[in-house]
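In what follows, a structure is listed as structure tokens, so that the remarks can point back to it.
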2 protein chains.
Amino acid sequence: MTKKIIPIVENILSANEKVALENRARLDSAGVFSVNFMASPGAGKTSLILALFDSLKDKVRMGMIDGDLASSIDADKAAEAGIPSVQINTGGQCHLDAVMVRDALGKLPLAETDLLIVENVGNLVCPAAFQLGTHFNLLVASVPEGDDKPYKYPSMYRNVQALVVNKTDLLPYIPFKMDYFLRGVEALNPGLVSFPLSCRTGEGVPAFADWITAQVQHGRKKNPD
Amino acid sequence: MTKKIIPIVENILSANEKVALENRARLDSAGVFSVNFMASPGAGKTSLILALFDSLKDKVRMGMIDGDLASSIDADKAAEAGIPSVQINTGGQCHLDAVMVRDALGKLPLAETDLLIVENVGNLVCPAAFQLGTHFNLLVASVPEGDDKPYKYPSMYRNVQALVVNKTDLLPYIPFKMDYFLRGVEALNPGLVSFPLSCRTGEGVPAFADWITAQVQHGRKKNPD
């Protein structure tokens, strides 16, 4: 049998990156600053989006794209709170990709949006490998997941530009050593900005909301209308 | 340019299933009953294995294969407790596959093992699609992940034959509706046997340990030496 070498015209990742760049250009031209929220299932991405909206609604116009394997539970919660939202059901795929986000962008009022949050599928592995065109990646970790997660899921911790450590209200009930956790983070991603907070009690949310607002304003200065 | 249809000789899943069947035959011939533990990151797979070992060590000889992207934190904990353990580092891959498990089986004392637990990579999506050759799949859910997880990760909840709901000690501090959670489970996987428990306090562990012991004994009857 003759063996043939079949040239691969374009690999999936670079095709994805091409669409991610188009998404970024579209967001920039509409003056929208956007963040990709990634996390384990149940770390609190939606709760954080709702807490942010509550804190920022008078000064920052938010929008949301919600990615899930199935259901519209999160997008329904966001829409009920008053956040313009689009649900992406991935049909089993373990991460969002740039094409899915491109399709969702067409359904949002981008001209009236300052901050667009893309809530990825809950997964601490696969989403880290796919750029969506957002301005940065944020990881929502949570106290009950345990303090060893940076050591066990290094690719995710390396691929983000900001970190939230949610559910600090559970610290009294769980043996979580914040020092050990943050040492692991620092080893993988030196200087990563991090925000311990509790969406449930609200503690720590204002500092994070102020920081996100500053990012939005900084983004606007770089891309004036 | 002429387009050609290139026949795919064998897809990844069926190649994996072939090796999974070989693994199963090897386990059966050694009289080893085995379970694939799947979960979100930090749901408590390792804690459950340690709690089981503590409960069963005088009557069931346990072994463990631990899958992680990186590190040997879990296998070290198991080895320290006295459980024969093999670490698989997937090098970034988001799930274990049957070939990885085949290689690990060669490093375990199968002739002196009654129950082998394979701890998969923490991921509520991808591991569900890959059979390893174990006798059944078990999902470790946990209270802090939230009661909506069956609705949002249906493929995982459909693909298991037993369910543990860990961290029930945190129920007083978290708005988790067990009824709503279990209704979702029942819709996807009717009659699924489930064990609410707390590895931390030990509550509910004996019932689960008794059930696993019965499974091991039942497996032994089906495959007598």
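Please read all numbers here as calculations on a predicted model, not as lab measurements. Side-chain atoms are counted along with the backbone in the values below, which use heavy atoms only and exclude waters and symmetry mates. Every chain is numbered from 1, with letters handed out A, B, ... down the list of sequences.
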Legend entry - Atom CD of B/Glu203 with >12 non-hydrogen neighbours under 6.0 angstrom: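 Not more than 12 within 6.0 Å, no.
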Legend entry - side-chain contact (heavy atoms from CB on, under 4.5 Å) between A/Ile174 and B/Leu170, worked out: CA-CA 9 Å; A/Ile174 293 171; B/Leu170 295 175; 3.8 Å; yes
Inset, instruction - Please check if the side chain of B/Lys152 supplies one atom and the backbone of A/Gly122 the other of a donor-acceptor pair under 3.5 Å. - result: no
Legend entry - Pair B/Cys94-A/Cys94, side-chain contact (heavy atoms from CB on, under 4.5 Å): steps then yes or no: CA-CA 10 Å; B/Cys94 53; A/Cys94 53; 5.6 Å; no
Inset, instruction - Output the distance between atom OG1 (B/Thr46) and atom CG (A/Asp148), rounded to the nearest 0.5 Å. - result: 8.0 Å
Inset, instruction - Starting at CG of A/Asn123, measure out to OH of B/Tyr153 and round the result to the nearest 0.5 Å. - result: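 So the gap between those two atoms works out to 7.5 Å.
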Inset, instruction - Under 4.5 Å, counting heavy-atom pairs only, tell me which of B/His95, B/Lys149, B/Gln93 racks up the most with chain A. - result: B/Lys149
Legend entry - Option that, when pairs with chain A are counted at under 4.5 Å, heavy atom only, ranks first among B/Gly146, B/Pro144, B/Ser72: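 Of B/Gly146, B/Pro144, B/Ser72, B/Pro144 has the most heavy-atom pairs under 4.5 Å with chain A.
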Any [X] side-chain heavy atom under 4.5 Å of [Y] side chain:
X: B/Arg200; Y: A/Pro175; result: yes
X: B/Ser155; Y: A/Leu69; result: yes
X: A/Tyr151; Y: B/Ile73; result: yes
X: B/Pro41; Y: A/Pro41; result: yes

Legend entry - Interchain contact, A/Asp74 with chain B, by part (heavy-atom threshold 4.5 Å): side chain
